[in-house]
Amino acid sequence: MFSLKQLRRRPLALFVDACIVINAYTLASLVLFAQSAPLQYYDELLIFLPIAVAVHCTVNLKMGLYRGVGRYAGLNQGLKAIKAVTVSVILLVFIGLLSMRSSTTHVLAMVPIGGLIAFILMTVVRFYPRVFYERSLKEVAKARNLLVVGAGSAGERIIQSIQKEPNLAIQVVSLVDDDPQIKGLEIHGVPIHCPTEKIPEIVETKDIDEILIAIPSATLEEFQRIWQICSRTGKATKTLRPLQSMHFGKVGIESIREIEIEDVLGRQPVMTDYAQISGFIGNRVVLVTGAGGSIGSELVMQISHHNPAQIILVDHDESALYRIHEKLSQLYFQKHILCVADIKSESKMEYLFRQHRPDLVFHAAAYKHVPLMELQPDEAVLNNVHGTWNVARIAGEHDVDCFVNISTDKAVEPANVLGATKLLGERVVNDLGNVYPETKYCSVRFGNVLGSRGSVIPIFQEQIHSGGPVTITHPEMTRYFMLISEAVDLVLQAAAFKNGNALYVLEMGKPVRIVDLAEQMISLMVPGEDIDVVFTGLRPGEKLHEQLIDKYESRTSTDHAMIYQVSAMDQQPSILADLPSLFYKAKSHDGVAIKAFLEKWIPSYSPFDMRLVGSINMGDLKVADGAAPASSVAGTIGYHWNNGEKSRFYNDRPDTESG
């Protein structure tokens, strides 16, 4: 409906449309008939024109043509104009036949033509402010020239978004893509060049200031290749958010961000069945433990996109809980409850399950620091085993539909207490699945996530920003890495599978040498600067290499190419009956007895020899099988060994060695 208030707010627009209508139908009559129409026709036309003005303006008001903001006019506004003119022309044909009886033939020809002219003029008037805003105002300030890599849908939407915001002072001058079929074409007036190897040439000839890699679906190899080409130009290069993070939001200016080491080390895009996940989570109450941590908070954020009935956030760190609460509030997601609680407290967990009746539980709470847990095995057991048993058991007692346990690759052939307790956590969840068959229990095992709290990435970033040295425990150490968003995507996908009582392992790709990671971060963050890398020796409980599957396990494929189901080759006895003994040892702070228990129940567990702390094989101090470090792109990287009074120096000059 429209009101007089709307009428008063849009007098100029109504006046312009009135002038358009009068001129459109007059012009149509003059052009079509000239002297052929009877004189009475023009007398009747003078009566018809005010009626046409009233009809067009009334229909325009009814269709909402005066509610749009001119500089944001788009397809929706154009469609409204088509509908409004069509309705007006139909009404005016009938009115004209009744009021202009001198020549019905002339009326039937004049009204549609006049309506078409009116539509063209009204559309021009409505789109002019947008064209003026996007084009003319850009000349006020010197715009930065932007090169967009990727002529797909993401690139197209980025260009459209930038052109709508002239205040950004950014001008997209070129697109570059590897598809030869679109070479020479244009997107929103921006020419497309091929192939991406021509980026340095385009940067030079087009005076490019910045480069944007707008290919969120690019494979790791593709992204690395393009990034290396862009880095040779010396121009600032940015990218878009990961594909899975953009699934629920539009691609726009807000999607642009700096390139981070996670992008360079990222893996193949994770293709997830979001419809299946939404069907699994939608309209259900979800409880997440460890909700303030890296994995837990990402779980909460992604779950919030799938329309849950409510999310119960559980964590003992009230500051972390409040931070995730602020993030959810910024997204206007209000269906969440913060619960400060310790997963080891049976009474508190019982209360939360009775109070909120969750349908799904994601258990991400755990201690994750290997050296600390090696020195304090009692806390590792109480949190990672007792806490898991506590939450998982109560979930079964309260008929939760699905319980998902977040595990780690450190649980495979564990060489430390943390890994052993996480493996026991997997065993506990599996055994409880037999006790409570109505609840679907599963564990999801994966390696390190890039950028998590306490991970190597933020530590290296801080060390590089401060000028070094970058500290690494061993030159041959490797780890599996995955983006947090990727890992959580796959956790949700695995949880949505129909299988119950299962252990899933995520496909992590190839392990990354920590030395290579450090070199890539140095070349990305401070290209050309001198940064030392110091080897400090193994810490308590550390392994050189992690695995994803135990020698006593076998894996089978699932419906998702990046998720495998893992099963023990031999039937394992239930551990539930012996858990009170383990918990007693932990509460008695008896580290020796705890490790003896772990050895008894985990055949592949070998307690870490504390005499290895700080040790390293000096012969291992090589880079890429004897090749020089990546100093060709990162400047001089000094490799040092630091262990008490011993010291040895390695850099990119083979003839240089000091002791």
Go through the steps to decide whether M301 and I324 satisfy the test side chain to side chain contact (heavy atoms under 4.5 Å, CB included), and finish with yes or no. CA-CA 8 Å; M301 297 303 293; I324 188 67; 3.6 Å; yes
What's the verdict on side chain to side chain contact (heavy atoms under 4.5 Å, CB included) for C442 and N499, showing C-alpha distance, side-chain angles and the deciding distance? CA-CA 9 Å; C442 68; N499 304 25; over 6 Å; no
Taking it one step at a time, do F497 and Y504 satisfy ring-ring contact (aromatic ring centres under 6.0 Å, His included)? CA-CA 10 Å; F497 288 162; Y504 298 108; 5.6 Å; yes
Would you sort out whether D431 and Y441 count as a side-chain hydrogen bond (donor to acceptor under 3.5 Å, both in side chains), showing the intermediate values? CA-CA 9 Å; D431 291 344; Y441 285 88; over 6 Å; no
E374 vs K595, salt bridge (charged side-chain N to carboxylate O under 4.0 Å, His left out): CA-CA, chis, key distance, verdict: CA-CA 10 Å; E374 196 66 26; K595 292 183 179 181; 3.7 Å; yes
Applying side chain to side chain contact (heavy atoms under 4.5 Å, CB included), run through L313 and L338 and close with a yes or a no. CA-CA 5 Å; L313 286 68; L338 307 182; 3.8 Å; yes
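Across all their heavy atoms, V515 and P475 have their closest contact at CG2-O, 3.4 Å. The two residues P308 and I303 have their closest heavy-atom pair at CD-O, 3.3 Å. Shown here for T473 and T536, the closest heavy-atom pair between the two residues is CA-OG1, 3.6 Å. Nearest heavy-atom pair, E413 versus K543, reported as atom, atom and distance to 0.1 Å: O-NZ, 3.2 Å. Listed here is the closest heavy atom pair of A518 and V470: CB-CG1, 4.1 Å. Heavy-atom minimum distance, G150 versus I215: CA-CG1, 3.8 Å.
Taking CD1 of I162 as the start and CD of Q160 as the end, the distance is 11.0 Å to the nearest 0.5 Å. Remark: L328 CG to I311 CD1 distance equals 6.0 Å, nearest 0.5 Å. With rounding to the nearest 0.5 Å, the separation of CZ in F223 from CD1 in I213 is 4.5 Å. The distance from the CE atom of M349 to the CD atom of E397 is 13.5 Å, given to the nearest 0.5 Å. For the atom pair E546 CD and T408 OG1, the distance stands at 6.5 Å (nearest 0.5 Å). The CG atom of N501 lies 5.0 Å from the CG atom of N434; values are rounded to the nearest 0.5 Å.
Y322 and H325 have tilted rings, their planes meeting at an angle from 30° to 60° on a 0 to 90° scale. Taking the six-membered ring where tryptophan is involved, the planes of W389 and F583 are tilted, since the angle between them lies from 30° to 60°.
Residues forming a salt bridge (charged side-chain N to carboxylate O under 4.0 Å, His left out) with E426 (at least two apart in sequence, or on another chain): R445.
For H398 and R357, the side-chain atoms include at least one donor-acceptor pair closer than 3.5 Å. Looking only at atom types and distance, the side chain of D342 has no donor-acceptor partner in the side chain of H316 under 3.5 Å away. Side-chain polar atoms of N448 and K368 form no donor-acceptor pair below 3.5 angstrom. No hydrogens or angles considered: nothing links the side chains of Q224 and Q228 as a donor-acceptor pair under 3.5 Å. Under 3.5 Å, the side chains of H545 and E476 contain no donor-acceptor pair of N or O atoms.
Between E346 and R393, at least one side-chain nitrogen of the basic residue sits less than 4.0 Å from a carboxylate oxygen of the acidic one, meeting the salt-bridge criterion. Here R323 does not pair with D315 in a salt bridge; the nearest charged N to carboxylate O distance is not below 4.0 Å.
Contact check for D489 versus Q302: side-chain heavy atoms found under the 4.5 Å cut-off. Contact check for S294 versus I484: side-chain heavy atoms found under the 4.5 Å cut-off. A heavy-atom distance below 4.5 Å is not found between the side chains of N383 and M373. E486 is not listed as a side-chain neighbour of L506, based on a closest heavy-atom distance of 4.5 Å or more. The side-chain heavy atoms of V370 and F608, taken from C-beta on, include no pair separated by under 4.5 Å. At least one side-chain heavy atom of E553 sits under 4.5 Å from a side-chain heavy atom of L503. Considering only heavy atoms from C-beta on, H305 stays 4.5 Å or farther from F333 through its side chain.
A donor-acceptor pair under 3.5 Å is absent between the side-chain atoms of R427 and the main chain of Q572, judged by distance alone. A distance-only check finds no donor-acceptor pair linking the side chain of Q565 to the backbone of A502 [under 3.5 Å]. A donor-acceptor pair under 3.5 Å is formed between the side chain of T558 and the backbone N or O of I563. Here the side chain of T289 pairs no donor or acceptor atom with the backbone of V314 at under 3.5 angstrom. Side chain of S278 to main chain of A275: no donor-acceptor pair is present (N/O by atom type, distance under 3.5 Å, no hydrogens or angles).
The environment of E462 atom CD is sparse: at most 12 non-hydrogen atoms of other residues, nucleotides or ligands sit within 6.0 angstrom. Applying the 6.0 Å contact sphere to NZ of K335 captures more than 12 heavy atoms from other residues, nucleotides or ligands. Atom CD of E326 has more than 12 heavy atoms from other residues, nucleotides or ligands within 6.0 Å.
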Between side-chain atoms of residues 414-422 and protein atoms elsewhere (two or more places apart, or another chain), which donor-acceptor pairs fall under 3.5 Å?
{"unit_1": "N416", "atom_1": "OD1", "unit_2": "G419", "atom_2": "N", "d": "2.6"}
{"unit_1": "N416", "atom_1": "ND2", "unit_2": "G541", "atom_2": "O", "d": "2.8"}
{"unit_1": "T421", "atom_1": "OG1", "unit_2": "N384", "atom_2": "ND2", "d": "3.2"}
{"unit_1": "T421", "atom_1": "OG1", "unit_2": "V417", "atom_2": "O", "d": "3.2"}
{"unit_1": "T421", "atom_1": "OG1", "unit_2": "L418", "atom_2": "O", "d": "2.7"}
{"unit_1": "K422", "atom_1": "NZ", "unit_2": "I406", "atom_2": "O", "d": "2.9"}

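With a 6.0 Å cutoff to the six-membered ring centre and a 45° limit on the axis angle, R284 counts as a cation-pi contact of F280.
Judged as a salt bridge (Lys or Arg N to Asp or Glu O under 4.0 Å), the pairs with a partner in residues 574-592 (not counting sequence neighbours) are, in order, D578-K600.
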